[in-house]
Amino acid sequence: MPLDPRLVEDIALRLRQAQRILVVSHIRPDGDAVGSVLGWSLSLRAAGKQVTSGLADGVPGSFRHVPGSDRVRRRPEGPFDLVCVVDCSDPLRVGEVYPGAAAPDINIDHHVTNLNYGRINLVVPQAVATAEILADLIQALDLPLTQDAASALLTGLLADTLGFRTSNMTPKALRLGADLMERGAHLPELYRQALHRHSFEALRYWGCGLGQLQRQGKVAWTCLTLEHRQAVGYPGRDDADLINMLSTVEDIDIVIMFVEQGSQRVKVSWRSQPGIDVSKIALAFGGGGHPAAAGAEISGGLAEVQQRVLAATFALDEQAHPARDGEDYISIPSGSEPDL
Ligand code: AMP
Ligand code: MN
Ligand code: MN
C-alpha cells in the first residue's frame with residue numbers, strides 16, 4: 001500500500017523548514033530501531049541536513065557494524081528544529097535521549113499499538129519493519145538512498161522479519177530487500193551480523209534459559225535471572241535473542257521469555273503463531289508490539305510477574321482454541337506411525 005500522500009506532503013513541508021534534525025528510537029534498541037535511525041539519518045544527511053542520531057542505550061555491540069553507528073549519541077545536545085521518532089510505539093520508550101519526545105514533530109512506526117503521539121504520525125502496521133516505511137518515504141520524498149543508508153535499512157528489514165521469514169512477510173518487503181541489494185547493501189554479511197552471530201557469553205546465557213524451559217499445553221516459557229546474567233558475564237539487559245530460538249519449538253502456540261531487570265522489574269516478551277494476537281496482552285500490561293511479537297516491562301518480583309503473565313496468556317490461548325478439550329490426550333496407537 002502506498003504511503004498516504006497528505007502525510008508525505010506534511011513531512012516534506014516540515015523537512016523543508018528544518019536544518020538541525022534529531023532522529024531517535026526506543027530504549028534497548030533492536031535491529032529495526034538501529035537500522036531505521038541510521039538509514040533515515042544517513043539519507044537526510046546526504047540531502048544536506050545537519051542530523052543527530054540518538055539512542056538512549058547507544059548501539060548494541062551486535063549492530064556496531066551498521067554504517068553511521070559511530071555517530072550515535074546517548075544524550076544529544078540541541079537545539080533542534082525538528083525531532084523525529086522512529087520504530088517506537090510509546091514516547092516513554094524513547095528514554096532519556098530526548099526528554100521532550102512526548103510530542104515529537106514526526107512519529108514514524110509500524111506497531112499496531114502506536115499511541116499516535118507525534119504532531120505528524122506516519123504509522124503503517126502492514127509494514128514488516130519501520131525500515132520499510134522509511135525506504136518508501138525516502139523514495140516518495142526523492143531523497144538520496146546511498147549504499148550506507150541501504151545497508152542500515154536492510155538491517156532493519158532483516159532484523160524484524162528474522163531474515164524474511166516471519167508470518168507478516170509480504171512480496172513487497174521481499175522486493176525491497178532486492179532493491180536495497182541493488183543499492184549496494186551486502187545481504188549475506190548483514191544477515192550474518194544481524195541474525196547469525198552471537199557472543200560466547202550470549203550462548204552460555206541461552207544455556208541458562210534453555211535449561212529452565214517449561215511448557216503447559218501449548219504455551220512454553222522460561223526465565224533469565226540477574227544471577228544467570230552475572231554467572232555467565234552477559235553484559236546486556238536483554239534476552240540475547242533467546243526468544244527467537246524458543247519460537248522454533250514445535251506444536252506450541254505462544255512462547256514467553258521473562259528477563260529479570262533488578263529493582264523489582266521484569267521484561268516480558270511474547271511470540272505467537274499466526275491467529276493469536278499477543279499485542280493485546282502486552283498492551284494490557286503497559287507494553288505493546290505486534291500481533292505475533294510483543295513485549296512489556298512489568299513491575300514486581302519474578303515469581304509474581306510470571307504468575308500474572310502466565311494466567312493472562314493461558315486465558316488468551318484458551319480463547320483462541322476453545323474446542324481443544326482433551327486434545328493433549330489423543331495418542332497414535334504404537335506401530336501405526338507412517339514410515340517417513
Ligand atoms: P521484544 O519482545 O522486546 O523483542 O519486543 C517485541 C515487540 O514488542 C517489538 O516490536 C517491541 O518494539 C515491542 N515492545 C517490547 N517491549 C515493549 C514495551 N515495553 N512497550 C511497547 N512495546 C514494546
Ligand atoms: Mn524495534
Ligand atoms: Mn520494528
Side-chain angles (χ1 to χ4, degrees), residues 23-40 55-57 59-60 62-63 66 85-95 101 107-117 122-135 152-162 166-169 173 176 194-195 209 221-224 236-247 254-259 261 265-272 277-299 305 309 313:
V23 180
V24 297
S25 185
H26 59 81
I27 52 170
R28 254 188 254 113
D30 50 26
D32 193 26
V34 173
S36 294
V37 164
L38 296 177
W40 186 222
L55 288 168
D57 293 331
V59 178
S62 49
F63 293 113
V66 183
V85 181
V86 296
D87 193 49
C88 186
S89 59
D90 177 337
L92 289 177
R93 289 197 85 217
V94 169
N107 158 29
I108 302 174
D109 187 29
H110 68 131
H111 290 93
V112 67
T113 54
N114 192 286
L115 300 176
N116 289 300
Y117 52 88
L122 179 59
V123 178
V124 186
Q126 300 82 359
V128 298
T130 298
E132 178 186 342
I133 308 172
L134 290 169
L153 294 178
L154 186 54
T155 295
L157 198 58
L158 284 167
D160 265 18
T161 62
L162 303 178
T166 48
S167 55
N168 59 347
M169 258 308 286
L176 173 60
L195 298 159
W221 69 94
T222 193
C223 64
L224 286 163
R237 291 188 294 137
D238 52 36
D239 69 343
D241 292 335
L242 176 57
I243 187 81
N244 295 331
M245 162 62 76
L246 295 190
S247 54
I254 305 175
V255 291
I256 317 171
M257 181 81 241
F258 298 90
V259 185
Q261 299 291 311
R265 289 184 77 74
V266 180
K267 170 68 205 298
V268 182
S269 293
W270 290 263
R271 298 292 184 270
S272 63
D277 182 355
V278 285
S279 72
K280 288 186 202 153
I281 321 186
L283 199 59
F285 278 103
H290 310 287
E297 192 158 322
I298 304 173
S299 292
V305 169
V309 166
T313 309

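One-based numbering, in listed order, for ligands and for the atoms of each.
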>> Nearest 0.5 angstrom please: D30 CG to T155 OG1, how far?
In response: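 D30 atom CG to T155 atom OG1 measures 11.5 Å (nearest 0.5 Å).
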>> To the nearest 0.5 Å, what is the distance between OG1 on T222 and CD1 on I243?
In response: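 Separation between the atoms: 10.0 Å.
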>> I'd like to know whether ligand 1 has R271 as a neighbour, heavy-atom separation below 4.0 Å.
In response: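 Per 4.0 Å heavy-atom rule, R271 contacts ligand 1.
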>> Which option wins on minimum heavy-atom distance to atom 1 (P) of ligand 1: K267, H26, H110?
In response: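 Selected option, by shortest heavy-atom distance: K267.
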>> I'd like the name of whichever of R93, R28, H111 reaches closest to atom 10 (O) of ligand 1 through any heavy atom.
In response: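 Going through R93, R28, H111 one by one, H111 has the nearest heavy atom to atom 10 (O) of ligand 1.
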Near [X], which atoms of ligand 1 are under 4.0 Å from a heavy atom of that residue?
{"X": "S89", "result": "21 (C), 22 (N)"}
{"X": "G289", "result": "8 (O), 13 (C), 22 (N)"}
{"X": "H290", "result": "10 (O)"}
{"X": "E297", "result": "19 (N)"}
{"X": "A293", "result": "6 (C), 7 (C), 8 (O)"}
{"X": "S269", "result": "1 (P), 2 (O), 3 (O)"}

> Given atoms OD2 of D30 and NE2 of H26, what angle do they subtend at the Mn ion (ligand 2), to the nearest 10 degrees?
Replying inline: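 It is 100°, given to the nearest 10°.
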>> Quick check on the Mn ion (ligand 3): does H110 put an N/O/S atom closer than 2.8 Å to it?
In response: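 Checking H110: at least one N, O or S atom is under 2.8 Å.
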> Taking 2.8 Å as the cut-off, does an N/O/S atom of D87 lie below it from the Mn ion (ligand 3)?
Replying inline: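 D87 does place an N, O or S atom closer than 2.8 Å to the Mn ion (ligand 3).
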>> Please determine whether side-chain contact (heavy atoms from CB on, under 4.5 Å) holds for the pair R271 and L246, giving the CA-CA distance in whole Å, both sets of side-chain angles, and the decisive distance to 0.1 Å.
In response: CA-CA 9 Å; R271 298 292 184 270; L246 295 190; over 6 Å; no
> With a 4.5 Å heavy-atom cut-off, do V268 and F285 have their side chains touching?
Replying inline: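 In short, these two side chains do not touch, never coming nearer than 4.5 Å.
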> What class does the angle between the rings of H111 and H290 fall in, given that below 30° is parallel, 30 to 60° is tilted and above 60° is perpendicular?
Replying inline: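 If you compare the ring of H111 with that of H290, the planes turn out parallel.
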> When you measure from the side chain of D32 to the backbone N and O of A131, does any donor-acceptor pair fall under 3.5 Å?
Replying inline: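 At least one qualifying donor-acceptor pair exists.
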> Taking the Mn ion (ligand 3) as the vertex, what is the angle from OD2 of D160 to OD2 of D32, given to 10 degrees?
Replying inline: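 Approximately 90° at the metal, rounded to tens of degrees.
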>> So that I can tick it off, tell me whether R28 and E297 are bridged by a salt bridge, with the cut-off set at under 4.0 angstrom between side-chain N and carboxylate O.
In response: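 Salt bridge present between E297 and R28.
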> Is G288 in polar range of ligand 1, meaning some N or O pair under 3.5 Å apart?
Replying inline: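 There is such a contact, yes.
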